[in-house]
Amino acid sequence: MKGYKQLNQEQRYTIAQLLKRGASLREIARTIVSVSTVSREIKRNKSKYTYRAAYAYMLARERIQWRQHPRLLLLIDTTPGAISLMAIA
């Protein structure tokens, strides 16, 4: 079984540019990686309507940081006028 490799910023930028030009997933995959990787990247890291390389990179970095640190449950006080945030590990 092959190991999973993450896309770098340059690859994400290439995906964004090719999508903007109207390239298919298969065309994009021929220049970068497999079709499934391109499809997964677009699905996981697109903004509401479009895929943007910088936004995708930010989301990927956040997921990496989330896995490296203990998960925290954030409790937000929604009482009007209250500004408090409490983390429970």
Side-chain angles (χ1 to χ4, degrees):
M1 182 196 282
K2 293 183 179 181
Y4 176 73
K5 289 181 113 180
Q6 293 184 356
L7 298 176
N8 59 36
Q9 270 186 302
E10 183 179 331
Q11 291 169 321
R12 287 187 172 99
Y13 179 75
T14 302
I15 290 171
Q17 291 303 310
L18 292 173
L19 282 172
K20 207 180 267 189
R21 293 182 194 157
S24 71
L25 293 180
R26 290 188 188 277
E27 291 171 332
I28 296 168
R30 277 189 221 117
T31 62
I32 301 174
V33 289
S34 70
V35 175
S36 61
T37 300
V38 172
S39 175
R40 186 182 320 112
E41 173 68 16
I42 294 167
K43 182 180 174 184
R44 293 180 84 194
N45 296 320
K46 71 179 180 179
S47 61
K48 192 169 186 177
Y49 299 108
T50 60
Y51 179 86
R52 298 177 195 261
Y55 184 74
Y57 181 74
M58 179 198 69
L59 290 178
R61 298 303 310 163
E62 284 180 359
R63 277 193 299 277
I64 289 169
Q65 289 176 349
W66 181 253
R67 278 180 267 150
Q68 290 174 348
H69 299 291
R71 287 167 171 50
L72 298 176
L73 172 63
L74 299 177
L75 301 176
I76 302 170
D77 186 354
T78 57
T79 308
I83 302 175
S84 65
L85 185 64
M86 185 171 65
I88 301 173

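Nothing here was measured: the structure is a model prediction, and the numbers come from that model.
Hydrophobic clustering (side-chain heavy atoms under 4.5 Å, transitive across Ile, Leu, Val, Met, Phe, Trp, Tyr) keeps Tyr13 apart from Met58. Following chains of ILVMFWY side-chain contacts shorter than 4.5 Å, one can reach Tyr51 starting from Ile32, so the two form part of one hydrophobic cluster. Tracing side-chain contacts under 4.5 Å through hydrophobic residues (I, L, V, M, F, W, Y), one reaches Leu25 starting from Leu18; they form part of the same cluster. Both Val33 and Ile28 sit in one connected hydrophobic cluster of ILVMFWY residues. Membership requires side-chain heavy atoms under 4.5 Å apart, directly or through other members.
Checking side-chain atoms of Gln17 against main-chain N and O of Thr14 turns up no donor-acceptor pair under 3.5 Å.
For the atom pair OH (Tyr57) and CG (Asn45), the distance works out to 12.0 Å, reported to the nearest 0.5 Å. With values rounded to the nearest 0.5 angstrom, Arg52 atom CZ is found 12.5 Å from Leu59 atom CG.
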Inset, instruction - Carefully, step by step, assess Arg30 and Glu27 under the rule side-chain contact (heavy atoms from CB on, under 4.5 Å). - result: CA-CA 5 Å; Arg30 277 189 221 117; Glu27 291 171 332; 3.7 Å; yes

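For Ser34, the side-chain hydrogen bond (donor to acceptor under 3.5 Å, both in side chains) test picks out Ser36, Thr37, with sequence neighbours left out.
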